[in-house]
Amino acid sequence: MLKLLVFDVDGTLYDLKNHEIPSSCQKAIAQAKQNGLIFVIATGRTHYGLGAALNALNPDYILAVNGAVVADGQGRVLAHHDLTSMQVERINDFCHQTQAGLAWKFLDHCYIYQYPEKN
């Protein structure tokens with residue numbers, strides 16, 4: 001039987017108020033890993049943008065970009081679900097029409113657009 005320990009990040013595993021992972025969480029995760037559980041981080045963040053505190057937990061897997069990217073603990077992409085060109089066009093058009101900001105997360109970088117454009 002496969003046993004996973006899966007954590008969301010912001011506001012769950014990562015304390016946004018104190019900008020840290022509580023030491024009690026760090027110890028519990030380390031103990032769970034010693035007991036053979038597979039530790040997984042699930043986040044809307046990119047797999048390459050976890051930050052030092054989350055990387056220090058040495059996750060076995062990362063479910064990133066709200067599940068669109070699956071990476072191993074070393075950040076190697078194992079699977080990804082991409083939008084079609086038509087979906088990207090529709091989202092871009094919607095954001096332009098509504099003057100909304102937009103952040104595209106790619107496998108190796110992010111693109112952020114703000115409205116109005118800032119120089």
Side-chain angles (χ1 to χ4, degrees):
M1 177 189 315
L2 186 65
K3 293 183 182 182
L4 302 173
L5 181 63
V6 182
F7 275 97
D8 177 45
V9 174
D10 296 326
T12 304
L13 181 61
Y14 188 80
D15 182 345
L16 292 169
K17 185 176 181 180
N18 296 311
H19 302 286
E20 67 181 13
I21 298 168
S23 61
S24 59
C25 254
Q26 294 176 39
K27 290 175 187 170
I29 290 167
Q31 184 63 53
K33 288 181 76 168
Q34 275 187 331
N35 292 338
L37 273 75
I38 296 170
F39 172 53
V40 182
I41 290 177
T43 182
R45 298 176 186 208
T46 58
H47 63 288
Y48 50 82
L50 292 180
L54 293 165
N55 284 326
L57 294 173
N58 298 313
D60 296 299
Y61 296 97
I62 304 159
L63 301 176
V65 194
N66 299 314
V69 175
V70 179
D72 67 12
Q74 288 72 45
R76 291 182 297 246
V77 175
L78 304 174
H80 58 92
H81 174 77
D82 300 327
L83 297 174
T84 66
S85 296
M86 184 171 284
Q87 289 170 319
V88 170
E89 261 184 60
R90 290 179 65 199
I91 292 167
N92 282 339
D93 288 346
F94 171 82
C95 290
H96 182 73
Q97 290 168 6
T98 61
Q99 299 179 348
L102 178 65
W104 288 110
K105 297 177 181 179
F106 298 96
L107 291 177
D108 60 355
H109 67 283
C110 287
Y111 170 80
I112 299 173
Y113 169 78
Q114 289 180 218
Y115 189 90
E117 289 187 48
K118 306 223 184 222
N119 293 327

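From a predicted model like this one, the values you see are computed outputs, not experimental measurements. By convention here, the first residue in the shown sequence is residue 1.
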Can you name the residues that form a side chain to side chain contact (heavy atoms under 4.5 Å, CB included) with I112, not counting sequence neighbours? A103
Under the side-chain hydrogen bond (donor to acceptor under 3.5 Å, both in side chains) definition, can you give me all pairs with a residue in residues 37-50, not counting sequence neighbours? D10-R45
Taking ILVMFWY side chains as joined if any heavy atoms are under 4.5 angstrom apart, and letting links pass through other members, which residues group with I21? L5, F7, V9, L13, Y14, L16, I29, L37, F39, I41, L50, L54, L57, I62
Check: K105 side chain, G44 main-chain N or O, donor-acceptor pair, under 3.5 Å: yes
Gap separating the CG atom of D82 from the CG atom of L107, nearest 0.5 angstrom: 6.0 Å
So ring pair (Phe, Tyr, Trp, His ring centres under 6.0 Å) across residues 62-111, not counting sequence neighbours, yields F106-H109
For residues L78 and V6: do they belong to one hydrophobic cluster (side chain heavy atoms under 4.5 Å, members Ile, Leu, Val, Met, Phe, Trp, Tyr)? yes
Which pairs pass side-chain hydrogen bond (donor to acceptor under 3.5 Å, both in side chains) with one or both residues in residues 23-32, sequence neighbours excluded? Q31-N35
Calculate, to the nearest 0.5 Å, the distance between atoms OG1 and CZ belonging to T84 and R90 respectively. 9.0 Å
In short, G101 meets C95 closest at the heavy-atom pair O-SG, 4.0 Å
Approximate separation, where rounding is to 0.5 Å, of N92 CG and L102 CG: 5.5 Å
Report all side-chain donor-acceptor pairs from residues 64-77 shorter than 3.5 Å, counting only partners two or more places apart or in another chain.
from: D72; atom 1: OD1; to: Q74; atom 2: N; distance (Å): 3.0
from: D72; atom 1: OD1; to: G75; atom 2: N; distance (Å): 3.1
from: D72; atom 1: OD1; to: R76; atom 2: N; distance (Å): 2.9
from: D72; atom 1: OD2; to: R76; atom 2: NE; distance (Å): 2.8
from: D72; atom 1: OD2; to: R76; atom 2: NH2; distance (Å): 2.9
from: Q74; atom 1: OE1; to: R76; atom 2: NH2; distance (Å): 3.2

